[in-house]
Amino acid sequence: MTDLTVSISSIKMDNPSMLASGILDETGDSLLRMMSVGAGAVVTKSIGMLPHDGHPNPCIVETADGYVNAMGLPNPGMEEFAEELRVIMPTPAPVIASIYASSAADFATIAVSMEEAGAAGIELNLSCPHASGFGMEVGTDPATVGSIVAAVKDAVKVPVMAKLTPNTAELVRIGKAVEEAGGDAVVAINTLKAMVISPEFARPVLSNRYGGLSGSAIKPVGVRAVYDLYRELEIPIVGVGGICGWRDAAEYIMAGATCFQVGSAVGTVGPEVFTRIIEGLEAFMGEYGYPDLDSMRGAAHE
Amino acid sequence: MTDLTVSISSIKMDNPSMLASGILDETGDSLLRMMSVGAGAVVTKSIGMLPHDGHPNPCIVETADGYVNAMGLPNPGMEEFAEELRVIMPTPAPVIASIYASSAADFATIAVSMEEAGAAGIELNLSCPHASGFGMEVGTDPATVGSIVAAVKDAVKVPVMAKLTPNTAELVRIGKAVEEAGGDAVVAINTLKAMVISPEFARPVLSNRYGGLSGSAIKPVGVRAVYDLYRELEIPIVGVGGICGWRDAAEYIMAGATCFQVGSAVGTVGPEVFTRIIEGLEAFMGEYGYPDLDSMRGAAHE
Amino acid sequence: MSDVVRIKRISQESKDTSTLAFDWGAHTVPGQFIMVWIPGIDEIPMSLSSTGSEKTVTVRKVGDATSAIHALQEGDRIGVRGPYGNGFDLNGLRTLVVGGGVGMAPLMPVLRTVYADLVIGARSADEILFEEEARRYCSNVEISTDDGSLGFHGNAVQLAEAMMDKGDYEQVIACGPEVMLHYLFQACERRGLPCQLSLERYMKCAVGICGSCMLGRERVCIDGPVFDSERLRMLPEFGRSRRDPAGRIVDL
Amino acid sequence: MSDVVRIKRISQESKDTSTLAFDWGAHTVPGQFIMVWIPGIDEIPMSLSSTGSEKTVTVRKVGDATSAIHALQEGDRIGVRGPYGNGFDLNGLRTLVVGGGVGMAPLMPVLRTVYADLVIGARSADEILFEEEARRYCSNVEISTDDGSLGFHGNAVQLAEAMMDKGDYEQVIACGPEVMLHYLFQACERRGLPCQLSLERYMKCAVGICGSCMLGRERVCIDGPVFDSERLRMLPEFGRSRRDPAGRIVDL
Ligand SMILES: Cc1cc2nc3c(=O)[nH]c(=O)nc-3n(C[C@H](O)[C@H](O)[C@H](O)COP(=O)(O)OP(=O)(O)OC[C@H]3O[C@@H](n4cnc5c(N)ncnc54)[C@H](O)[C@@H]3O)c2cc1C
Ligand SMILES: Cc1cc2nc3c(=O)[nH]c(=O)nc-3n(C[C@H](O)[C@H](O)[C@H](O)COP(=O)(O)OP(=O)(O)OC[C@H]3O[C@@H](n4cnc5c(N)ncnc54)[C@H](O)[C@@H]3O)c2cc1C
Ligand SMILES: Cc1cc2nc3c(=O)[nH]c(=O)nc-3n(C[C@H](O)[C@H](O)[C@H](O)COP(=O)(O)O)c2cc1C
Ligand SMILES: Cc1cc2nc3c(=O)[nH]c(=O)nc-3n(C[C@H](O)[C@H](O)[C@H](O)COP(=O)(O)O)c2cc1C
Ligand code: FES
Ligand code: FES
């Protein structure tokens with residue numbers, strides 16, 4: 001029997017798959033739906049202090065092998081979203097609240113509100129590449145990252161994970177800063193800073209001009225990032241970027257990921273992608289003699 | 001009539017397409033072949049002081065939308081390659097010699113040898129993501145980059161372009177360093193640092209473990225890089241990354257590129273990709289009223 | 001599929017509604033929609049009111065983006081991507097089609113494909129859309145206006161109910177304001193008549209990942225926009241509330 | 001297409017040559033090759049010696065990677081990617097097939113498909129490959145050995161020339177050491193007989209981008225490995241020089 005259970009500190013999961021932040025996770029019902037198709041945990045849309053519409057349309061472009069998006073962190077705000085969570089609690093799988101803010105204090109405030117509403121963990125969005133004053137802009141400096149992680153760890157009891165940007169040569173240093181500040185896990189990667197231009201209209205397509213590239217296109221970059229992090233960090237790594245089948249998930253786990261997240265493939269494959277990945281992973285582990293995830297994790301490093 | 005001619009300092013081209021370094025450009029005959037299918041200029045394989053076998057196989061992986069490669073800079077060395085060039089001179093299109101070295105002095109030595117052999121320009125490979133002591137490792141520090149550019153500029157009369165790595169948040173600063181050191185152009189982007197793992201064999205596929213992602217997958221990242229550079233630099237920008245059709249080329253030009261290079265598409269589409277891109281670009285420019293490349297360049301910034 | 005198309009023809013359908021025609025090769029089915037990009041303004045969902053190789057959208061002017069569309073000239077270009085959504089299930093059942101206002105748009109490809117009776121509802125006579133063309137396909141076209149300026153004086157649901165009671169329809173296909181659709185649904189439920197209703201929610205990605213168009217557990221952009229009775233019953237929000245662009249609950 | 005396959009069966013063909021069979025769904029044509037990955041050792045090009053849904057490669061032990069392949073057991077796994085290359089043009093002409101040494105490998109799928117006469121050449125009797133199977137497909141199988149231990153005493157080209165002069169062949173298809181192929185090509189040119197020869201060069205990418213396999217202006221991996229007389233005439237390097245992994249010119 002293959003054992004797919006896994007945990008990140010106190011977050012216990014039936015399987016290592018998580019819904020990535022920003023994907024069908026702005027409402028309670030959508031979170032429940034993703035649990036029903038097999039997600040081992042779900043991460044919410046990144047939630048801020050106040051309601052926010054996000055960038056005007058167009059905020060997504062379909063590319064050959066993924067998406068370039070600049071949603072601009074739309075969210076109903078901490079208070080209204082806490083209510084969404086309260087309504088669905090208790091849930092069949094853990095809910096991890098992704099949060100964003102422009103100061104350590106605000107991060108802590110939102111984290112507390114999410115914990116109170118039932119979140120089993122907090123994911124700090126330190127990596128959104130297309131929101132000024134937030135995301136990546138706070139997430140490329142190791143000291144700032146450390147102070148945010150420390151502030152949130154002080155404020156809540158649930159595990160705190162930090163989501164990192166790949167748009168830097170300093171990825172591992174920032175991961176170290178998370179670890180040193182007491183973070184429970186790092187999540188890598190967020191989207192790659194990107195742009196799509198319309199030749200006919202001679203302008204960037206996205207209203208925000210810049211966006212973030214996700215989907216299969218970025219998988220080899222994400223796998224590399226996780227591999228790099230695993231060499232230097234002790235805390236668990238959650239791998240994300242371009243996973244759309246069990247092979248991709250297996251690559252991330254062998255690179256060193258404890259869990260993995262699926263985002264774009266919910267669109268390109270469909271929500272059932274979770275069921276398929278988990279079934280495929282289980283079959284692979286059975287055939288290749290991995291009794292559990294521990295035995296497989298980091299296997300590509302040997 | 002649409003005018004497709006363009007120049008980078010003294011390098012005059014019939015059209016703005018260039019063969020990217022590392023693609024069918026290790027022998028004189030292969031360079032001639034790429035000119036025959038329409039490349040406006042060709043960039044050679046990156047040449048070092050001494051012959052080098054490169055990394056053992058496997059050194060390439062085909063991904064959904066591109067390649068991950070770690071050739072490891074195989075090349076016959078400066079002397080033998082200079083001979084390849086001498087044999088084919090004069091050529092119907094300019095040959096730009098890509099060179100790599102681990103010190104500014106070596107860069108200058110190789111550049112001189114290439115100039116003497118007939119190269120119309122020099123491209124400094126400051127960006128290969130998978131060769132220790134070379135490439136990206138010398139190309140992520142603005143001061144080092146500046147000193148290499150200055151040394152090569154001192155040594156040769158032909159234009160000198162510096163090829164930048166996208167694996168850094170400092171891209172624009174490094175571009176600035178090239179400009180300040182007297183570089184004639186920047187080339188962006190080289191491949192994204194990446195890895196592919198084989199689940200079945202529980203190991204990275206490439207013998208070098210790390211490789212560089214190229215092809216359609218990276219186009220939105222390359223376009224963004226060129227857009228960023230164009231905002232800050234005065235010198236011309238050569239765009240490269242994922243171009244496989246005229247639309248892609250048009251995106252780069254509108255982002256601010258003076259010329260563009262095509263690499264992976266020579267494999268995925270075929271060498272005729274040059275003819276097709278140029279024809280498509282000409283038709284587009286005719287239909288949308290761009291008499292020449294100047295009128296189109298940077299159009300997405302307005 | 002994302003493209004730039006050139007507007008071939010513009011027809012004024014009523015004082016605030018126009019149809020724009022363009023050639024676009026994408027294969028589409030009745031009930032699907034596209035995202036229309038008006039550079040510098042917005043990108044908005046629009047049902048296809050023709051689904052052949054010549055496509056049309058029929059646009060009611062209600063705000064910035066739709067006004068910008070109304071300002072376009074023949075020969076101008078727009079960005080389109082899609083088609084998105086599931087479309088209607090054209091199953092051969094005897095069908096009553098009910099269109100309210102610009103909700104007629106996605107119903108036109110249905111009427112061109114299946115033989116059905118039709119109710120067109122609007123506030124007043126000058127807002128009735130596609131009557132002439134519809135009469136070419138349908139034996140029985142009935143009109144309702146809120147102000148009684150044409151046809152039945154009252155709303156489309158009342159008229160449709162009367163027709164359901166007379167006729168022997170096996171299903172109802174409809175599009176229009178959600179409140180109308182909600183009453184229509186209840187009328188059908190009372191009669192045990194299955195429905196296919198095309199709904200709207202605020203759309204951003206249209207590809208089923210952003211979650212802005214959620215209606216209960218359903219993504220209107222990809223699981224919809226057409227919902228059948230079975231799914232409608234599981235959607236307590238239907239007819240009651242929607243989400244604004246920030247994801248907040250707003251009463252209808 | 002990149003896959004991991006499990007070796008079903010290993011057959012020893014001669015003292016230094018074995019055939020490995022595995023199931024692999026890729027559609028391939030006679031004359032194509034694959035890249036075989038032996039993790040931790042190397043990845044090398046190998047012709048397919050069977051191109052059905054069960055594929056085989058026939059490997060001569062000459063160095064590290066081929067020795068590692070010879071050390072594999074049934075049930076072991078290898079990585080494969082491909083198929084690559086153009087393959088032979090099986091055009092219905094009366095054909096003489098000439099195989100030298102392990103050059104027989106890509107010719108076996110040809111012999112299974114077309115009706116041809118065959119010359120098998122090797123240094124000595126115990127290095128003759130596939131004779132038994134070939135006799136099942138070919139009316140006329142002739143053997144040459146350098147040491148005269150079996151069949152014609154001499155090289156395959158001499159034997160082939162004799163057969164060309166007797167027979168009324170319309171083309172020659174061959175694979176083997178390049179020096180042999182070069183002489184064979186000249187023999188054919190003298191007789192005005194078109195050839196299709198499968199050549200080898202050092203391969204890294206196999207997808208036509210790295211340039212390591214250049215032969216003049218041709219990429220052996222994708223424009224080849226099979227070249228016809230017309231293209232062979234344009235390749236002054238053919239039979240004379242090749243490139244080493246660094247791209248340096250090396251005499252053959
Ligand atoms: C699947 C679908 C099909 C549609 N088909 C048609 C059609 O065929 N003809 C037609 O005239 N209208 C159609 N609409 C409605 C149309 O999208 C809106 O009228 C239009 O977006 C209004 O934009 P505006 O900028 O002019 O108005 P605004 O002033 O910006 O908005 C007016 C109202 O339009 C709606 N709206 C605005 N943006 C969006 C958006 N991105 N997604 C959904 N709703 C939005 C909101 O309810 C808003 O309150 C459809 C909507 C959907 C979801
Ligand atoms: C298209 C093609 C089809 C081939 N088909 C067959 C076949 O069916 N059966 C068979 O036994 N052999 C075949 N070969 C030759 C086979 O690839 C080499 O024998 C093998 O690579 C040797 O590897 P090694 O490590 O054992 O020997 P090494 O000691 O590494 O090398 C011995 C010689 O093999 C050649 N070689 C090594 N690596 C490569 C490489 N990457 N690409 C090309 N040549 C290389 C070189 O000439 C080298 O000098 C084919 C080669 C090509 C190009
Ligand atoms: C439409 C969309 C919205 C996203 N929103 C968020 C977000 O709010 N917070 C966040 O941390 N990441 C967000 N992301 C990034 C994803 O969580 C994920 O890191 C990225 O898409 C790579 O994974 P994928 O290739 O599986 O999509 C978003 C991605 C997409 C495509
Ligand atoms: C097989 C291969 C070899 C390459 N070798 C070099 C090289 O020697 N020097 C260099 O500067 N770039 C090299 N590159 C990078 C390309 O020149 C180019 O920057 C990159 O592939 C992105 O362009 P593309 O998407 O069009 O391939 C190589 C790329 C590939 C795929
Ligand atoms: S509009 Fe994004 S999920 Fe429907
Ligand atoms: S092996 Fe790379 S081009 Fe042929």
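Quick note on labels: first sequence line is chain A, next is B, and so on, each numbered from 1.
- Side-chain contact between A:D25 and C:M214: absent, with no pair of heavy atoms (C-beta onward) separated by less than 4.5 Å.
- Panel note: side chain A:E80, backbone C:I249; a donor-acceptor pair is recorded below 3.5 Å.
- A distance of 7.5 Å separates SG of C:C205 from CG of A:L24, quoted to the nearest 0.5 Å.
- Considering every non-hydrogen atom in both A:C59 and C:K204, the closest pair reads SG-CB, 3.8 Å.
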Using the side-chain contact (heavy atoms from CB on, under 4.5 Å) rule, take C:R248 and A:D53 through it: C-alpha gap first, then chi angles, then the decisive distance, then the call. CA-CA 9 Å; C:R248 281 175 296 193; A:D53 281 356; 4.3 Å; yes

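- Classification of C:R243 and A:E84 as a salt-bridged pair holds, one side-chain N sitting under 4.0 Å from a carboxylate O.
- Within a 6.0 Å radius of CD in C:E189, other residues, nucleotides and ligands contribute more than 12 heavy atoms.
- The candidate from C:I222, C:I41, C:I78 with the greatest count of non-hydrogen atom pairs under 4.5 Å with chain A is C:I78.
- Between C:P245 and A:P74, the shortest heavy-atom contact is O-CB, 3.8 Å.
- Residue-environment remark: CD (C:Q12) exceeds the threshold of 12 foreign heavy atoms within 6.0 Å.
- For A:V61, no part sits under 4.5 Å from any heavy atom of chain C, backbone or side chain.
- When heavy atoms are compared at a cutoff of 4.5 Å, C:V207 approaches chain A by way of both its backbone and its side chain.
- Residues C:I209 and A:N69 have side chains not in contact (no heavy-atom distance under 4.5 Å, counting atoms from C-beta outward).
- Within a 6.0 Å sphere centred on CE of C:M234, other residues, nucleotides and ligands contribute 12 heavy atoms or fewer.
- Few gaps surround CZ on C:R112; more than 12 heavy atoms of other groups in view lie less than 6.0 Å from it.
- Pairing each heavy atom of C:G211 with each of A:E26, the nearest pair is O-OE1, 4.4 Å.
- Chain A forms more heavy-atom pairs under 4.5 Å with one residue of C:M1, C:M35, C:R77 than with any other, namely C:R77.
- With a 4.5 angstrom heavy-atom cutoff, A:Y67 touches chain C only via side-chain atoms.
- Summarising the geometry of C:R219 relative to A:P271, their closest heavy-atom pair is NH2-CD, 3.3 Å, with the distance given to 0.1 Å.
- Applying a 4.5 Å heavy-atom cutoff, the residues of residues 28-45 of chain A that approach chain C are A:D29, A:S30, A:L32, A:R33, A:S36.
- The candidate from C:P39, C:G208, C:A65 with the greatest count of non-hydrogen atom pairs under 4.5 Å with chain A is C:P39.
- Of the residues C:V36, C:D42, C:I38, the one that meets the side chain to side chain contact (heavy atoms under 4.5 Å, CB included) test with A:N57 is C:D42.
- Across all their heavy atoms, A:M71 and C:C210 have their closest contact at CE-CB, 3.5 Å.
- Only the side chain of C:D223 has a heavy atom closer than 4.5 Å to any heavy atom of chain A.
- Using a 4.5 Å heavy-atom threshold, the side chains of C:W37 and A:S198 count as touching.
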